[in-house]
Amino acid sequence: MVLDKLGEALSNALRKITGKGFVDKAIVDEFIRDLQRALLQADVDVKLVFNLSNKIRDRVLNEKPTAGITAKEHMIKTVYDELVNFLGRETGSVELKKQKILLVGLFGSGKTTTSAKLARFFLRKGLKPALVGCDTFRPAAQEQVIQLGSQIGVPSYASGSDAAKTASEAIKKFSDRDVIIFDSAGRNALDADLANELKNLKDTIMPDEVFLVIPAEIGQVAGKQSEEFAKLVGITGVIVTKMDGTAKGGAALSSCSIVKAPIKFIGIGEKVDDFEQYDPKRFVSRLIGYGDLQSLIEKAEEIKSPELTKSAENMMSGKYSLQDFYEQIESIKKMGPLKQVMQMIPGLKMPEGILEVQEKQMAKWKIAMDSMTDKEKQDPSVIDASRITRIALGSGLKDEDIKELIKHYDRTKKMMKMVGGKNLKRGGFAQLAKQFGMKM
Ligand SMILES: Nc1nc2c(ncn2[C@@H]2O[C@H](COP(=O)(O)OP(=O)(O)OP(=O)(O)O)[C@@H](O)[C@H]2O)c(=O)[nH]1
Ligand SMILES: [Mg+2]
(Lines give C-alpha, C1' and ligand atoms only; values in the text may rest on other atoms or scores of the structure.)
(Ligands and ions follow the chains in the order given, each with its own letter.)
Protein backbone atom coordinates (compact mmCIF):
# COMPACT_ATOMS: atom_id res chain seq x y z
CA MET A 1 0.00 0.00 0.00
CA VAL A 2 1.20 3.47 -0.93
CA LEU A 3 2.50 5.59 1.97
CA ASP A 4 1.43 2.92 4.42
CA LYS A 5 3.65 4.22 7.22
CA LEU A 6 2.07 7.65 7.03
CA GLY A 7 -1.38 6.12 6.80
CA GLU A 8 -0.74 3.93 9.82
CA ALA A 9 0.57 6.82 11.88
CA LEU A 10 -2.37 9.01 10.93
CA SER A 11 -5.00 6.43 11.63
CA ASN A 12 -3.37 5.56 14.96
CA ALA A 13 -3.48 9.22 15.89
CA LEU A 14 -7.14 9.43 14.86
CA ARG A 15 -8.00 6.23 16.62
CA LYS A 16 -6.84 7.81 19.86
CA ILE A 17 -9.41 10.55 19.37
CA THR A 18 -12.27 8.26 18.46
CA GLY A 19 -11.52 6.28 21.59
CA LYS A 20 -12.08 9.30 23.77
CA GLY A 21 -15.49 10.41 24.96
CA PHE A 22 -14.74 14.09 24.43
CA VAL A 23 -12.25 16.46 22.86
CA ASP A 24 -10.25 18.90 24.95
CA LYS A 25 -7.12 20.98 24.45
CA ALA A 26 -4.77 18.31 25.77
CA ILE A 27 -6.20 15.75 23.35
CA VAL A 28 -5.94 18.16 20.43
CA ASP A 29 -2.33 18.99 21.32
CA GLU A 30 -1.40 15.36 21.53
CA PHE A 31 -3.00 14.71 18.19
CA ILE A 32 -1.18 17.65 16.61
CA ARG A 33 2.15 16.28 17.86
CA ASP A 34 1.33 12.86 16.40
CA LEU A 35 0.31 14.44 13.12
CA GLN A 36 3.50 16.48 12.88
CA ARG A 37 5.65 13.46 13.61
CA ALA A 38 3.86 11.39 10.97
CA LEU A 39 4.20 14.04 8.26
CA LEU A 40 7.83 14.78 9.03
CA GLN A 41 8.58 11.08 8.79
CA ALA A 42 7.00 11.13 5.34
CA ASP A 43 9.57 13.81 4.50
CA VAL A 44 7.10 16.66 4.19
CA ASP A 45 8.67 20.11 4.43
CA VAL A 46 8.87 21.38 8.02
CA LYS A 47 7.25 24.70 7.21
CA LEU A 48 4.36 23.01 5.46
CA VAL A 49 3.89 20.66 8.37
CA PHE A 50 3.67 23.53 10.83
CA ASN A 51 1.32 25.51 8.62
CA LEU A 52 -1.00 22.57 8.31
CA SER A 53 -0.94 21.55 11.94
CA ASN A 54 -1.46 25.10 13.17
CA LYS A 55 -4.41 25.47 10.87
CA ILE A 56 -5.99 22.26 12.10
CA ARG A 57 -5.34 23.13 15.73
CA ASP A 58 -6.81 26.55 15.24
CA ARG A 59 -9.94 25.30 13.55
CA VAL A 60 -10.54 22.49 16.00
CA LEU A 61 -10.13 24.67 19.06
CA ASN A 62 -11.91 27.78 17.82
CA GLU A 63 -14.54 26.77 15.30
CA LYS A 64 -17.98 25.92 16.55
CA PRO A 65 -19.14 22.58 15.18
CA THR A 66 -22.25 22.86 13.02
CA ALA A 67 -25.50 21.77 14.61
CA GLY A 68 -25.88 18.03 14.95
CA ILE A 69 -22.18 17.32 14.80
CA THR A 70 -20.20 16.44 17.91
CA ALA A 71 -16.88 18.07 18.73
CA LYS A 72 -15.18 14.78 17.99
CA GLU A 73 -16.79 14.47 14.58
CA HIS A 74 -15.89 18.05 13.89
CA MET A 75 -12.28 17.34 14.68
CA ILE A 76 -12.11 14.27 12.47
CA LYS A 77 -13.83 16.12 9.66
CA THR A 78 -11.43 19.06 10.01
CA VAL A 79 -8.40 16.80 9.92
CA TYR A 80 -9.78 15.05 6.87
CA ASP A 81 -10.64 18.29 5.02
CA GLU A 82 -7.31 19.92 5.73
CA LEU A 83 -5.35 16.83 4.73
CA VAL A 84 -7.25 16.73 1.45
CA ASN A 85 -6.37 20.38 0.87
CA PHE A 86 -2.82 19.70 1.80
CA LEU A 87 -2.41 16.73 -0.49
CA GLY A 88 -3.73 18.31 -3.61
CA ARG A 89 -7.01 20.20 -3.41
CA GLU A 90 -8.08 19.28 -6.92
CA THR A 91 -8.98 15.95 -8.39
CA GLY A 92 -6.70 14.98 -11.23
CA SER A 93 -9.29 15.10 -13.94
CA VAL A 94 -8.43 14.44 -17.54
CA GLU A 95 -10.74 15.11 -20.41
CA LEU A 96 -11.76 12.16 -22.49
CA LYS A 97 -11.41 13.87 -25.83
CA LYS A 98 -9.20 13.97 -28.89
CA GLN A 99 -5.92 15.44 -27.69
CA LYS A 100 -2.14 15.49 -27.75
CA ILE A 101 -0.20 14.91 -24.55
CA LEU A 102 3.50 15.59 -24.09
CA LEU A 103 5.36 13.95 -21.21
CA VAL A 104 8.44 15.69 -19.83
CA GLY A 105 10.80 14.98 -16.95
CA LEU A 106 14.35 14.19 -15.92
CA PHE A 107 16.28 10.95 -16.43
CA GLY A 108 14.64 7.85 -15.10
CA SER A 109 11.61 9.65 -13.73
CA GLY A 110 9.33 7.16 -15.43
CA LYS A 111 8.25 9.04 -18.59
CA THR A 112 8.39 6.14 -20.99
CA THR A 113 6.70 3.70 -18.64
CA THR A 114 4.08 6.33 -17.88
CA SER A 115 3.37 6.94 -21.57
CA ALA A 116 2.25 3.33 -21.84
CA LYS A 117 0.27 3.53 -18.60
CA LEU A 118 -1.53 6.62 -19.90
CA ALA A 119 -2.26 4.94 -23.22
CA ARG A 120 -3.70 2.03 -21.34
CA PHE A 121 -5.82 4.39 -19.24
CA PHE A 122 -7.37 5.97 -22.35
CA LEU A 123 -7.81 2.60 -23.99
CA ARG A 124 -9.87 1.48 -21.01
CA LYS A 125 -12.00 4.59 -21.30
CA GLY A 126 -12.85 3.63 -24.85
CA LEU A 127 -10.55 6.04 -26.67
CA LYS A 128 -7.98 5.20 -29.32
CA PRO A 129 -4.49 6.20 -28.12
CA ALA A 130 -1.15 6.14 -29.94
CA LEU A 131 2.40 6.34 -28.63
CA VAL A 132 5.22 8.41 -30.07
CA GLY A 133 8.86 7.99 -29.08
CA CYS A 134 10.52 11.42 -29.24
CA ASP A 135 13.44 10.48 -27.03
CA THR A 136 16.22 10.50 -29.61
CA PHE A 137 18.85 11.09 -26.95
CA ARG A 138 19.05 7.85 -25.02
CA PRO A 139 19.97 4.79 -27.08
CA ALA A 140 17.14 2.25 -27.36
CA ALA A 141 14.57 4.71 -25.96
CA GLN A 142 12.55 4.47 -29.17
CA GLU A 143 12.64 0.68 -29.18
CA GLN A 144 11.28 0.80 -25.63
CA VAL A 145 8.27 2.79 -26.83
CA ILE A 146 7.59 0.42 -29.72
CA GLN A 147 7.86 -2.59 -27.44
CA LEU A 148 5.49 -1.08 -24.88
CA GLY A 149 3.06 -0.20 -27.64
CA SER A 150 2.89 -3.73 -28.91
CA GLN A 151 2.63 -5.06 -25.37
CA ILE A 152 -0.57 -3.10 -24.74
CA GLY A 153 -1.87 -3.27 -28.29
CA VAL A 154 -1.50 0.41 -29.10
CA PRO A 155 0.06 1.68 -32.34
CA SER A 156 3.34 3.48 -31.91
CA TYR A 157 5.74 5.51 -33.99
CA ALA A 158 9.40 6.15 -33.25
CA SER A 159 11.94 6.73 -35.96
CA GLY A 160 14.83 8.97 -36.79
CA SER A 161 17.19 11.08 -34.76
CA ASP A 162 15.25 14.33 -34.89
CA ALA A 163 12.66 14.52 -32.09
CA ALA A 164 10.57 17.32 -33.58
CA LYS A 165 10.53 15.67 -37.02
CA THR A 166 9.47 12.38 -35.47
CA ALA A 167 6.66 14.21 -33.68
CA SER A 168 5.31 15.94 -36.77
CA GLU A 169 5.42 12.73 -38.81
CA ALA A 170 3.54 10.96 -36.05
CA ILE A 171 0.85 13.62 -35.92
CA LYS A 172 0.13 13.03 -39.62
CA LYS A 173 0.25 9.28 -39.25
CA PHE A 174 -2.06 9.23 -36.24
CA SER A 175 -4.61 11.79 -37.39
CA ASP A 176 -7.35 9.21 -36.84
CA ARG A 177 -6.32 8.36 -33.28
CA ASP A 178 -7.94 10.11 -30.32
CA VAL A 179 -5.07 10.60 -27.93
CA ILE A 180 -1.48 10.92 -29.11
CA ILE A 181 1.04 10.56 -26.30
CA PHE A 182 4.58 11.82 -26.83
CA ASP A 183 7.50 10.47 -24.80
CA SER A 184 10.46 12.85 -24.57
CA ALA A 185 14.09 12.62 -23.55
CA GLY A 186 15.42 13.26 -20.05
CA ARG A 187 18.68 14.65 -18.66
CA ASN A 188 20.31 14.71 -15.25
CA ALA A 189 19.11 18.26 -14.80
CA LEU A 190 17.05 20.78 -16.67
CA ASP A 191 20.04 22.06 -18.65
CA ALA A 192 20.10 24.30 -21.73
CA ASP A 193 20.23 21.27 -23.99
CA LEU A 194 17.06 19.73 -22.64
CA ALA A 195 15.37 23.12 -22.40
CA ASN A 196 15.92 23.75 -26.12
CA GLU A 197 14.82 20.31 -27.11
CA LEU A 198 11.60 20.48 -25.09
CA LYS A 199 10.68 23.96 -26.28
CA ASN A 200 11.19 22.88 -29.85
CA LEU A 201 9.14 19.76 -29.31
CA LYS A 202 6.35 21.71 -27.68
CA ASP A 203 6.20 24.21 -30.56
CA THR A 204 5.94 21.37 -33.05
CA ILE A 205 3.37 19.30 -31.20
CA MET A 206 1.25 22.12 -29.76
CA PRO A 207 0.02 19.72 -27.09
CA ASP A 208 -3.27 20.08 -25.20
CA GLU A 209 -1.56 18.80 -22.08
CA VAL A 210 2.03 18.80 -20.88
CA PHE A 211 2.50 16.42 -17.98
CA LEU A 212 5.58 16.57 -15.83
CA VAL A 213 6.67 13.15 -14.61
CA ILE A 214 8.32 13.15 -11.18
CA PRO A 215 9.42 10.19 -9.09
CA ALA A 216 8.04 10.29 -5.53
CA GLU A 217 11.44 9.61 -4.02
CA ILE A 218 12.74 13.05 -4.93
CA GLY A 219 10.70 14.31 -1.99
CA GLN A 220 10.46 18.01 -1.37
CA VAL A 221 12.35 18.93 -4.53
CA ALA A 222 9.17 18.02 -6.44
CA GLY A 223 7.74 21.51 -5.97
CA LYS A 224 10.84 23.27 -7.20
CA GLN A 225 11.19 20.97 -10.17
CA SER A 226 7.59 21.49 -11.24
CA GLU A 227 8.10 25.24 -11.03
CA GLU A 228 11.18 25.05 -13.25
CA PHE A 229 9.48 22.94 -15.88
CA ALA A 230 6.36 25.08 -15.65
CA LYS A 231 8.38 28.19 -16.39
CA LEU A 232 10.07 26.51 -19.33
CA VAL A 233 7.29 24.70 -21.19
CA GLY A 234 4.20 25.33 -19.09
CA ILE A 235 2.90 22.18 -17.45
CA THR A 236 -0.80 21.39 -17.15
CA GLY A 237 -0.40 18.50 -14.75
CA VAL A 238 2.00 16.41 -12.71
CA ILE A 239 2.32 12.65 -12.58
CA VAL A 240 4.07 11.36 -9.47
CA THR A 241 5.60 7.95 -10.17
CA LYS A 242 7.07 5.28 -7.88
CA MET A 243 4.66 6.03 -5.05
CA ASP A 244 4.97 2.35 -4.23
CA GLY A 245 8.65 2.45 -3.50
CA THR A 246 9.10 5.23 -0.98
CA ALA A 247 7.87 6.68 2.28
CA LYS A 248 8.69 10.14 0.93
CA GLY A 249 5.64 10.38 -1.30
CA GLY A 250 3.92 12.71 1.13
CA ALA A 251 6.52 15.30 0.29
CA ALA A 252 6.03 15.06 -3.46
CA LEU A 253 2.25 15.22 -3.17
CA SER A 254 2.21 18.19 -0.81
CA SER A 255 4.94 20.18 -2.53
CA CYS A 256 3.38 19.69 -5.96
CA SER A 257 0.11 21.12 -4.79
CA ILE A 258 1.85 24.42 -4.13
CA VAL A 259 2.58 24.97 -7.78
CA LYS A 260 -0.34 25.71 -10.05
CA ALA A 261 -0.47 22.41 -11.89
CA PRO A 262 -2.50 19.69 -10.19
CA ILE A 263 -1.38 16.12 -9.74
CA LYS A 264 -3.23 14.06 -12.32
CA PHE A 265 -2.04 10.51 -11.81
CA ILE A 266 0.17 8.47 -9.54
CA GLY A 267 2.32 5.52 -10.56
CA ILE A 268 2.24 2.72 -8.04
CA GLY A 269 4.41 0.03 -9.62
CA GLU A 270 6.35 -1.03 -12.68
CA LYS A 271 3.52 -2.75 -14.54
CA VAL A 272 1.30 -0.90 -17.03
CA ASP A 273 -1.73 -1.21 -14.80
CA ASP A 274 0.01 0.15 -11.70
CA PHE A 275 -1.41 3.55 -12.31
CA GLU A 276 -4.32 5.54 -10.97
CA GLN A 277 -6.00 8.87 -11.33
CA TYR A 278 -5.12 11.01 -8.37
CA ASP A 279 -8.02 12.06 -6.23
CA PRO A 280 -6.92 13.70 -2.97
CA LYS A 281 -10.22 12.94 -1.25
CA ARG A 282 -10.06 9.32 -2.08
CA PHE A 283 -6.37 9.20 -1.35
CA VAL A 284 -6.78 10.64 2.14
CA SER A 285 -9.79 8.41 2.83
CA ARG A 286 -7.71 5.38 2.06
CA LEU A 287 -4.70 6.74 3.88
CA ILE A 288 -6.54 7.22 7.14
CA GLY A 289 -8.99 4.40 6.39
CA TYR A 290 -10.03 3.65 9.92
CA GLY A 291 -10.79 7.15 11.13
CA ASP A 292 -12.86 7.97 8.12
CA LEU A 293 -14.78 4.76 8.22
CA GLN A 294 -15.43 5.37 11.88
CA SER A 295 -16.97 8.77 11.30
CA LEU A 296 -18.88 7.40 8.39
CA ILE A 297 -20.29 4.73 10.62
CA GLU A 298 -21.28 7.37 13.13
CA LYS A 299 -23.14 9.20 10.38
CA ALA A 300 -24.76 6.00 9.27
CA GLU A 301 -26.03 5.42 12.76
CA GLU A 302 -27.71 8.78 12.73
CA ILE A 303 -29.78 7.96 9.72
CA LYS A 304 -30.54 4.41 10.75
CA SER A 305 -34.11 3.78 9.73
CA PRO A 306 -36.38 0.75 9.95
CA GLU A 307 -37.23 0.97 6.22
CA LEU A 308 -33.62 0.96 5.21
CA THR A 309 -32.80 -1.89 7.52
CA LYS A 310 -35.58 -3.93 6.01
CA SER A 311 -34.60 -3.13 2.44
CA ALA A 312 -31.00 -3.98 3.23
CA GLU A 313 -32.03 -7.31 4.66
CA ASN A 314 -34.12 -8.01 1.60
CA MET A 315 -31.13 -7.16 -0.52
CA MET A 316 -29.01 -9.70 1.31
CA SER A 317 -31.61 -12.41 1.01
CA GLY A 318 -32.15 -11.79 -2.70
CA LYS A 319 -35.73 -10.53 -2.26
CA TYR A 320 -34.94 -7.15 -3.66
CA SER A 321 -38.00 -5.21 -4.76
CA LEU A 322 -38.32 -1.95 -6.62
CA GLN A 323 -39.53 -0.42 -3.38
CA ASP A 324 -36.32 -1.55 -1.66
CA PHE A 325 -34.28 -0.08 -4.47
CA TYR A 326 -36.00 3.26 -4.18
CA GLU A 327 -35.77 3.45 -0.41
CA GLN A 328 -32.15 2.52 -0.51
CA ILE A 329 -31.21 5.27 -2.88
CA GLU A 330 -33.23 7.74 -0.89
CA SER A 331 -31.65 6.82 2.45
CA ILE A 332 -28.17 6.59 1.08
CA LYS A 333 -28.45 9.99 -0.52
CA LYS A 334 -28.62 11.40 2.98
CA MET A 335 -25.13 10.10 3.62
CA GLY A 336 -23.61 12.05 0.76
CA PRO A 337 -22.66 10.88 -2.68
CA LEU A 338 -22.82 7.13 -2.68
CA LYS A 339 -19.70 6.82 -4.72
CA GLN A 340 -17.70 8.59 -2.07
CA VAL A 341 -19.17 6.42 0.61
CA MET A 342 -18.38 3.27 -1.33
CA GLN A 343 -14.86 4.38 -2.11
CA MET A 344 -14.11 4.51 1.56
CA ILE A 345 -14.87 0.87 1.98
CA PRO A 346 -11.71 -1.18 1.62
CA GLY A 347 -11.89 -3.96 -0.93
CA LEU A 348 -15.13 -2.84 -2.56
CA LYS A 349 -14.74 -1.71 -6.15
CA MET A 350 -17.83 -0.04 -7.60
CA PRO A 351 -18.48 0.07 -11.31
CA GLU A 352 -18.47 3.67 -12.53
CA GLY A 353 -21.73 5.53 -12.62
CA ILE A 354 -23.78 2.99 -10.80
CA LEU A 355 -26.38 4.29 -8.34
CA GLU A 356 -25.68 7.86 -9.27
CA VAL A 357 -29.18 9.13 -9.50
CA GLN A 358 -30.31 12.66 -10.05
CA GLU A 359 -32.92 14.33 -7.92
CA LYS A 360 -35.11 14.84 -11.00
CA GLN A 361 -34.94 11.17 -11.87
CA MET A 362 -35.89 10.24 -8.34
CA ALA A 363 -38.99 12.42 -8.53
CA LYS A 364 -40.05 10.75 -11.78
CA TRP A 365 -39.50 7.31 -10.37
CA LYS A 366 -41.60 8.05 -7.36
CA ILE A 367 -44.48 9.04 -9.64
CA ALA A 368 -43.97 5.99 -11.82
CA MET A 369 -44.01 3.68 -8.84
CA ASP A 370 -47.34 5.15 -7.76
CA SER A 371 -48.80 3.84 -11.01
CA MET A 372 -47.54 0.32 -10.44
CA THR A 373 -49.32 -2.56 -8.82
CA ASP A 374 -47.87 -4.10 -5.67
CA LYS A 375 -46.97 -7.17 -7.65
CA GLU A 376 -45.02 -5.09 -10.14
CA LYS A 377 -43.12 -3.36 -7.37
CA GLN A 378 -42.30 -6.65 -5.68
CA ASP A 379 -41.08 -8.29 -8.86
CA PRO A 380 -40.37 -5.83 -11.68
CA SER A 381 -39.51 -8.69 -14.04
CA VAL A 382 -43.24 -9.01 -14.79
CA ILE A 383 -43.26 -5.52 -16.32
CA ASP A 384 -43.44 -6.12 -20.07
CA ALA A 385 -43.85 -3.64 -22.93
CA SER A 386 -47.63 -3.27 -22.56
CA ARG A 387 -47.30 -2.72 -18.81
CA ILE A 388 -44.59 -0.12 -19.42
CA THR A 389 -46.97 1.82 -21.66
CA ARG A 390 -49.75 1.51 -19.09
CA ILE A 391 -47.51 2.77 -16.27
CA ALA A 392 -46.22 5.62 -18.45
CA LEU A 393 -49.75 6.68 -19.32
CA GLY A 394 -50.87 6.42 -15.73
CA SER A 395 -48.04 8.56 -14.46
CA GLY A 396 -47.83 11.03 -17.32
CA LEU A 397 -44.27 9.97 -18.11
CA LYS A 398 -42.58 8.61 -21.21
CA ASP A 399 -41.97 4.91 -21.82
CA GLU A 400 -38.26 5.71 -21.68
CA ASP A 401 -38.55 6.92 -18.10
CA ILE A 402 -40.09 3.66 -16.98
CA LYS A 403 -37.49 1.66 -18.88
CA GLU A 404 -34.75 3.66 -17.27
CA LEU A 405 -36.08 3.00 -13.80
CA ILE A 406 -36.17 -0.71 -14.50
CA LYS A 407 -32.73 -0.64 -16.04
CA HIS A 408 -31.31 1.06 -12.97
CA TYR A 409 -33.04 -1.38 -10.71
CA ASP A 410 -31.75 -4.36 -12.70
CA ARG A 411 -28.21 -3.06 -12.72
CA THR A 412 -28.22 -2.42 -9.01
CA LYS A 413 -29.70 -5.80 -8.25
CA LYS A 414 -27.05 -7.46 -10.37
CA MET A 415 -24.33 -5.47 -8.73
CA MET A 416 -25.58 -6.27 -5.27
CA LYS A 417 -25.46 -9.93 -6.16
CA MET A 418 -21.97 -9.56 -7.58
CA VAL A 419 -20.41 -7.87 -4.59
CA GLY A 420 -22.73 -9.54 -2.16
CA GLY A 421 -21.18 -12.95 -1.99
CA LYS A 422 -17.56 -12.14 -1.43
CA ASN A 423 -17.20 -8.67 -0.08
CA LEU A 424 -20.34 -7.77 1.78
CA LYS A 425 -19.81 -10.19 4.56
CA ARG A 426 -16.44 -9.02 5.70
CA GLY A 427 -14.36 -5.93 6.26
CA GLY A 428 -15.51 -2.36 6.32
CA PHE A 429 -18.80 -2.97 4.62
CA ALA A 430 -19.81 -5.60 7.12
CA GLN A 431 -19.09 -3.13 9.89
CA LEU A 432 -21.11 -0.49 8.14
CA ALA A 433 -23.93 -2.90 7.48
CA LYS A 434 -24.08 -3.93 11.12
CA GLN A 435 -24.49 -0.31 12.02
CA PHE A 436 -27.53 -0.29 9.80
CA GLY A 437 -28.82 -3.15 11.83
CA MET A 438 -28.52 -5.70 9.02
CA LYS A 439 -28.12 -9.33 9.80
CA MET A 440 -24.93 -10.44 8.07
N1 LIG B 1 8.21 0.86 -8.72
C2 LIG B 1 7.93 1.67 -9.74
N3 LIG B 1 8.79 1.77 -10.76
C4 LIG B 1 8.51 2.58 -11.78
C5 LIG B 1 7.31 3.35 -11.81
N6 LIG B 1 7.31 4.06 -12.95
C7 LIG B 1 8.46 3.76 -13.60
N8 LIG B 1 9.19 2.86 -12.90
C9 LIG B 1 10.50 2.29 -13.22
O10 LIG B 1 11.45 3.33 -13.30
C11 LIG B 1 12.44 3.03 -14.25
C12 LIG B 1 12.59 4.19 -15.22
O13 LIG B 1 11.40 4.29 -15.98
P14 LIG B 1 11.35 4.91 -17.45
O15 LIG B 1 9.93 4.92 -17.83
O16 LIG B 1 12.30 4.25 -18.34
O17 LIG B 1 11.84 6.37 -17.12
P18 LIG B 1 12.18 7.55 -18.16
O19 LIG B 1 11.77 8.80 -17.50
O20 LIG B 1 11.57 7.25 -19.46
O21 LIG B 1 13.75 7.46 -18.20
P22 LIG B 1 14.72 8.08 -19.34
O23 LIG B 1 14.14 7.71 -20.65
O24 LIG B 1 16.03 7.43 -19.07
O25 LIG B 1 14.77 9.53 -19.10
C26 LIG B 1 12.01 1.74 -14.91
O27 LIG B 1 12.72 0.68 -14.33
C28 LIG B 1 10.54 1.63 -14.57
O29 LIG B 1 10.11 0.31 -14.51
C30 LIG B 1 6.41 3.23 -10.70
O31 LIG B 1 5.34 3.87 -10.61
N32 LIG B 1 6.76 2.38 -9.70
MG1 LIG C 1 12.39 7.15 -21.34
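Atoms within a ligand are numbered from 1 in the order they appear, just like the ligands themselves.
- Residues satisfying the side-chain contact (heavy atoms from CB on, under 4.5 Å) test with P380, not counting sequence neighbours, are L322, I383, Y409.
- At a heavy-atom distance under 4.0 Å, no atom of M243 approaches ligand 1.
- Scanning the protein heavy atoms around atom 3 (N) of ligand 1, the nearest turns out to be E270 CG, 3.3 Å.
- A search for ring pair (Phe, Tyr, Trp, His ring centres under 6.0 Å) contacts involving F211 returns nothing, not counting sequence neighbours.
- Using a 4.0 Å cut-off between heavy atoms, D244 contacts ligand 1 through its side chain alone, with no backbone atom that close.
- Residue G110 has at least one N or O atom closer than 3.5 Å to an N or O atom of ligand 1.
- Here K117 has side-chain heavy atoms under 4.0 Å from ligand 1, and that is the only part of it that gets that close.
- Taking only nitrogen or oxygen atoms, main chain and side chain alike, G269 reaches within less than 3.5 Å of ligand 1.
- Taking only nitrogen or oxygen atoms, main chain and side chain alike, D183 does not reach within less than 3.5 Å of ligand 1.
- Atom 8 (N) of ligand 1 has its closest protein heavy atom at K242 CE, 3.8 Å.
- Legend: residues meeting ring pair (Phe, Tyr, Trp, His ring centres under 6.0 Å) with F121, ordered by chain and number and at least two apart, are F265.
- Of all protein N/O/S atoms, those under 2.8 Å from the Mg ion (ligand 2) are T112 OG1, and waters are not counted.
- Residue T114 has no N or O atom closer than 3.5 Å to an N or O atom of ligand 1.
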